[in-house]
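Below, each value reflects all heavy atoms present in this structure, side chains not excepted, and no hydrogens, waters or symmetry copies. Order of the sequence lines fixes the chain letters, A, B, ..., with proteins taken first and strands second; residue numbering starts at 1 for each chain. Quantities reported herein were computed from a predicted structural model and do not represent experimental measurements.
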Protein chains: 2
Amino acid sequence: MTAIDNAVCEETCLHPESIRAARAEALPEADARELAATFKILGDPTRVKMLQILSRRELCVCDIAAAVGMGQSAISHQLRLLRGARLVKYRRDGRVVWYSLDDEHIAILLAQGIEHIKHR
Amino acid sequence: MTAIDNAVCEETCLHPESIRAARAEALPEADARELAATFKILGDPTRVKMLQILSRRELCVCDIAAAVGMGQSAISHQLRLLRGARLVKYRRDGRVVWYSLDDEHIAILLAQGIEHIKHR
DNA sequence: CCAATATATGATCATGTGTTCATGTATTTA
DNA sequence: TAAATACATGAACACATGATCATATATTGG
């Protein structure tokens, strides 16, 4: 059954009122994309580990790499993605760049996610 | 710089105390993986839309397909993933299968995510 | 029991992701 | 200012992901 068939379906066989209501209250396409993009960034074990340790203390790139047991390059690439999603912020101090969570929302998101996986 | 170099790094040039502390408080590997797996499931626009409309009302498969404008097969495949991550639950009533969010945590996660993207 | 209907699933394919390697850039210090 | 150090980035490759198509399964009504 294709999307076109569903359109027919909507008129002939299912629950058109529910569909209309769902559509009316749906997230705007752009918001759905951006929200998904944020969750997608959270959806990698390396990045989860990075964010979790950053929720405890500010760390420099090489510390993060050592803490999660991965190469500096890999960590740097991942930090780029985390920056792009505004999940981390950073400050340079000489040669060293210190990273931390962008705001408290991020830690709450992580905590809520942990809540979910622990719940059973 | 590789992971092995980081181990050296830890001894010679960086912040070994921070690294030890970060490691000590790190999420267990299995938790990090499971948490990331959950977020990864949330990290797709189609699934975000599905979850968002399901946060408002219980819907059958074909309704969901019509509401998000995709084929039944695609929606069914996605529902399988959402079930696997315990993000949705379902009940069968004759030929129709009704889906809804597995619990309120999911809606909170979505809301927290929206909070993040709206924050700027 | 057979046809119709709602949903589920396997295969396929184009596209996306994450790590590594090599190299580039910026800052400090000797 | 040259070497060293900390970090960033581009290319490449193996692997995962998501939509579609075809088909299977399950439930109901005739």
Side-chain angles (χ1 to χ4, degrees), chain A residues 1-6 8-15 18-19 32-33 36-37 39-50 58-66 68-85 88 90-99, chain B residues 1-6 8-15 18-19 32-33 36-37 39-50 58-66 68-85 88 90-99:
Chain A
M1 190 182 288
T2 68
I4 293 165
D5 293 325
N6 284 318
V8 173
C9 227
E10 181 186 0
E11 294 164 11
T12 62
C13 59
L14 283 178
H15 315 92
S18 292
I19 296 169
R33 282 184 193 279
F39 282 128
K40 179 173 262 179
I41 297 297
L42 291 168
D44 175 82
T46 300
R47 291 191 292 267
V48 161
K49 291 177 202 165
M50 293 169 67
E58 190 181 47
L59 289 168
C60 73
V61 177
C62 203
D63 287 346
I64 301 172
V68 306
M70 292 198 39
Q72 176 267 319
S73 176
I75 294 303
S76 216
H77 279 295
Q78 299 292 21
L79 284 169
R80 190 168 142 88
L81 297 177
L82 292 172
R83 271 183 273 135
V88 299
Y90 62 99
R91 64 184 180 87
R92 178 179 277 276
D93 180 24
R95 276 179 291 215
V96 178
V97 177
W98 295 92
Y99 280 88
Chain B
M1 191 182 286
T2 70
I4 292 165
D5 291 326
N6 284 320
V8 174
C9 225
E10 181 185 2
E11 292 164 12
T12 61
C13 58
L14 283 179
H15 315 93
S18 292
I19 295 168
R33 280 184 194 279
F39 282 129
K40 178 174 262 180
I41 297 298
L42 290 168
D44 174 81
T46 299
R47 291 191 292 267
V48 161
K49 291 177 203 165
M50 293 169 65
E58 191 182 46
L59 289 168
C60 74
V61 177
C62 203
D63 287 346
I64 302 172
V68 306
M70 292 197 40
Q72 175 268 320
S73 176
I75 294 303
S76 216
H77 279 295
Q78 300 292 22
L79 284 169
R80 190 167 142 88
L81 297 177
L82 293 172
R83 271 183 273 136
V88 299
Y90 62 99
R91 63 184 181 88
R92 178 179 276 276
D93 180 23
R95 276 179 292 213
V96 178
V97 178
W98 295 92
Y99 280 87

- Message: So, taking the atom named NE2 in His77(A) and the one named CG in Leu82(A), what distance separates them when rounded to the nearest 0.5 Å?
- Response: 13.0 Å

- Query: Starting at CG of Asp63(A) and ending at C1' of dT5(D), how long is that distance when rounded to a whole Å?
  - Reply: 14 Å

- What integer distance in Å separates Leu81(A):CG from dT19(C):C1'? 12 Å

- Once you round it to whole Å, what is the distance between P of dG16(C) and CD1 of Ile41(A)? 14 Å

- Task: To the nearest 0.5 angstrom, please state how far the SG atom of Cys62(A) sits from the CD1 atom of Ile19(B).
- Result: 7.0 Å

- Task: For Asp44(B) and for Arg95(A), locate the closest nucleotide of DNA chain D by heavy-atom distance; then report the residue assigned to the nucleotide nearer the 5' terminus.
- Result: Arg95(A)

- Query: How many Å lie between CD1 on Ile75(B) and P on dC21(D), as a whole number?
  - Reply: 15 Å

- Quick one: list whatever passes side chain to side chain donor-acceptor pair (under 3.5 Å) with Arg83(A), sequence neighbours left out. Tyr99(A)

- Query: Just how far is it from atom CD of Gln72(B) to atom CG of Asp63(B), taken to the nearest 0.5 Å?
  - Reply: 12.0 Å

- Output the distance between atom NZ (Lys40(A)) and atom CD1 (Ile41(B)), rounded to the nearest 0.5 Å. 11.5 Å

- Nearest to the side chain of Cys60(A) - dA8(C), dT19(C), dC7(D)? dC7(D)

- Message: Restricting to side chain to side chain donor-acceptor pair (under 3.5 Å), what partner residues turn up for Arg92(B), sequence neighbours left out?
- Response: none

- Item | Closest listed nucleotide, where the reference is the side chain of Arg92(A) and the choices are dT5(C), dG18(D), dT27(C) | dT27(C)

- Check whether any side-chain heavy atom of Ile64(B) sits under 4.5 Å from a side-chain heavy atom of Gln78(B), and report yes or no. no

- Message: On the nucleotide dA8(C), are OP1 or OP2 found under 4.0 Å from the side-chain N or O atoms that Tyr99(B) carries?
- Response: yes

- Message: If you compare every side-chain N and O of Gln78(A) against the phosphate oxygens of dT19(C) (OP1, OP2), does one of them come in below 4.0 Å?
- Response: yes

- To the nearest angstrom, how far is Lys49(B) atom NZ from dG18(D) atom P? 13 Å

- Whole-Å gap separating P (dT27(D)) and CH2 (Trp98(B)): 17 Å

Which atom pairs link the protein and nucleotides 9-12 of chain C when you take only N or O atoms and keep those under 3.5 Å?
unit_1	atom_1	unit_2	atom_2	d
dT9(C)	OP2	Arg80(B)	NH1	3.3
dT9(C)	O4	Ser73(B)	OG	2.6
dG10(C)	O6	His77(B)	NE2	2.7

- Message: Looking at Arg47(B), I'd like to know whether one of its side-chain N or O atoms comes within less than 4.0 Å of OP1 or OP2 on dG18(D).
- Response: yes

- Item | Separation of dG18(D) P from Leu82(B) CG (nearest whole Å) | 10 Å

- Name all residues meeting the side chain to side chain donor-acceptor pair (under 3.5 Å) criterion together with Arg80(B); count only those two or more places apart in sequence or in a different chain, and write none if there are none. none

- Indicate whether OP1 or OP2 belonging to dT17(D) is found under 4.0 Å from a side-chain N or O atom of Lys40(B). yes

- Double-helix bend of the helix from dC1(C)-dG30(D) to dA30(C)-dT1(D), axes at both ends from 5 pairs, round to 10°, gives 20°

- Can you find a pair of side-chain heavy atoms, one from His15(A) and one from Leu59(B), that are under 4.5 Å apart? no

- Item | Euclidean distance, atom CG of residue Leu79(B) to atom P of dA8(C) [Å, nearest integer] | 7 Å

- Item | Set of side chain to side chain contact (heavy atoms under 4.5 Å, CB included) partners for Ala74(B), sequence neighbours left out | Met70(B)

